[in-house]
Number of protein chains: 2
Amino acid sequence: MLLRTPTDLGSAIRDRRRRLNLDQEDLANQVGVSRKWIIDVEKGKPRAEIGLILRTIEVLGVRLSLDTNEMTPEETATLAVPVADIDRIIERARDKPA
Amino acid sequence: MLLRTPTDLGSAIRDRRRRLNLDQEDLANQVGVSRKWIIDVEKGKPRAEIGLILRTIEVLGVRLSLDTNEMTPEETATLAVPVADIDRIIERARDKPA
DNA sequence: TCAATATGTCACCGTTCGATGACCTACCCA
DNA sequence: TGGGTAGGTCATCGAACGGTGACATATTGA
């Protein structure tokens, strides 16, 4: 599953929790956070701490991986010339919400 | 690359930034955060906001994915009986640093 | 060597975090 | 009908956030 936003992450966490038949309180206890935190994160809270997120993911028995986008043919072609890639990245990132 | 801790994440971000020939200030500007934030995150700050992390990752042209650990035989076997899996998860999570 | 560039540190500040505990729905099922 | 369970909300609080700007300390290249 691909994660782009905190909402994606929240949905993934909720799905996985339910798959394991855990309620919010069980998960909260195992991760060492409050039940409220679980609720907020599952709703996609963008300011949740990365450390707690990572612990939650580990408790859920899930693996988080980071890959360069060199997999698809187009992306591989682009990355073959790093400078061009930088330009594309800058363009995509321009005018992002602060 | 596998991410288990905020330190893993920080290293990955720094590596990727250098690969793209960006200095901390460039990256900070593109993500919309302060240079100090980049410094902290690259050092593995565990309380950094997930939303900012995700934006950083996108600017760096990297993909974050979440996979269940159902790939190896042992894990597949375990997940076939959710209740047993929960016990293993609890045991692994016990006595985690708060 | 020197100066430019990159990186790291500091104190200050307003904002938001996450924990807590109480309360409120909904839902199920006996 | 009632009670149990799961999920969501609220107010409060101390702690830490992230931004800012100035100041150190590498690191690099001429």
Side-chain angles (χ1 to χ4, degrees), chain A residues 3 5-60 64 82-83 85-86 89-90 93-98, chain B residues 3 5-60 82-83 85-87 89-90 93-98:
Chain A
L3 295 186
T5 67
T7 303
D8 291 347
L9 180 65
S11 307
I13 287 176
R14 170 167 279 224
D15 288 354
R16 183 65 181 160
R17 173 176 64 79
R18 293 203 155 140
R19 246 178 204 293
L20 295 176
N21 286 313
L22 296 172
D23 62 27
Q24 294 173 335
E25 187 154 27
D26 290 336
L27 180 56
N29 288 340
Q30 291 176 36
V31 177
V33 297
S34 66
R35 191 166 63 87
K36 184 179 184 306
W37 187 86
I38 300 290
I39 293 169
D40 290 343
V41 166
E42 289 188 351
K43 279 198 295 185
K45 174 177 239 202
R47 307 196 50 172
E49 299 176 6
I50 182 66
L52 299 181
I53 297 282
L54 290 175
R55 260 161 56 197
T56 303
I57 281 169
E58 199 202 338
V59 165
L60 289 175
L64 196 63
V83 177
D85 193 29
I86 291 170
I89 289 170
I90 291 173
R94 214 184 290 284
D95 295 325
K96 273 282 157 47
Chain B
L3 297 184
T5 66
T7 303
D8 292 347
L9 180 65
S11 307
I13 287 176
R14 169 167 278 225
D15 289 353
R16 183 67 181 159
R17 172 176 65 78
R18 292 203 155 139
R19 245 178 204 293
L20 296 177
N21 286 312
L22 295 172
D23 62 28
Q24 295 173 335
E25 188 154 27
D26 290 336
L27 180 56
N29 289 339
Q30 291 176 35
V31 176
V33 296
S34 67
R35 190 167 65 86
K36 182 179 185 300
W37 187 87
I38 299 290
I39 293 170
D40 289 343
V41 166
E42 289 188 350
K43 278 198 296 184
K45 175 176 239 202
R47 307 196 50 172
E49 299 177 5
I50 181 67
L52 300 180
I53 296 282
L54 291 176
R55 262 161 54 197
T56 303
I57 281 169
E58 199 203 337
V59 166
L60 290 175
V83 176
D85 193 29
I86 290 170
D87 289 338
I89 289 170
I90 292 172
R94 214 184 291 283
D95 295 325
K96 274 282 155 52

task: Would you mind reading off the distance between A/K36 atom NZ and C/dC17 atom P, rounded to a whole angstrom?
output: 8 Å

Identify all pairs in which a protein N or O lies below 3.5 Å from an N or O of nucleotides 23-30 of chain D, and state each distance.
none

- prompt: Is there a side-chain contact between A/D8 and A/T5, using heavy atoms and a 4.5 Å cut-off?
  reply: yes

message: Less than 4.5 Å apart, side chain to side chain, heavy atoms only: is that true for B/R14 and B/Q24?
response: yes

task: Please state how far atom CD1 in B/I38 lies from atom P in D/dT20, giving the value in whole angstrom units.
output: 13 Å

query: Rounded to whole angstrom units, what separation is found between the CG atom of B/N21 and the P atom of C/dT5?
result: 16 Å

- request: Would you mind reporting whether A/V41 and A/I13 have side-chain heavy atoms less than 4.5 Å apart?
  value: yes

- prompt: Side-chain contact, heavy-atom cut-off 4.5 Å: A/V33 with A/T56?
  reply: no

query: When you check the gap from the basic side-chain N to the acidic O, do B/D15 and B/R19 get nearer than 4.0 Å?
result: no

query: Below 4.0 angstrom from OP1 or OP2 of C/dT7, is there any side-chain N or O of B/R17?
result: yes

Within residues 40-51 of chain B: residues closer than 4.0 Å to DNA chain C (heavy atoms): B/K43

- prompt: When the distance from CG of A/L22 to C1' of D/dA6 is rounded to whole Å, what number comes out?
  reply: 13 Å

message: Tell me the interatomic distance from A/I53, atom CD1, to C/dG18, atom C1', rounded to whole angstroms.
response: 12 Å

- request: Look at the side chain of B/R17 and the backbone N and O of B/L22, then say whether any donor-acceptor pair between them is shorter than 3.5 Å.
  value: yes

Heavy-atom side-chain contact between A/L60 and A/L27 under 4.5 Å: yes

field: Distance in angstrom units between A/W37 CH2 and C/dG18 P, rounded
entry: 7 Å

Atom-pair distance (CG on B/N29; P on D/dG19), nearest Å: 11 Å

Polar side-chain atom of A/R55 near backbone of A/V31 as donor-acceptor pair, under 3.5 Å: yes

field: Residue pair B/L9 / B/I57, side-chain heavy-atom distance below 4.5 Å
entry: yes

- request: Starting at atom CD of B/E25, determine the distance to atom C1' of D/dT20, rounded to an integer number of angstrom.
  value: 13 Å

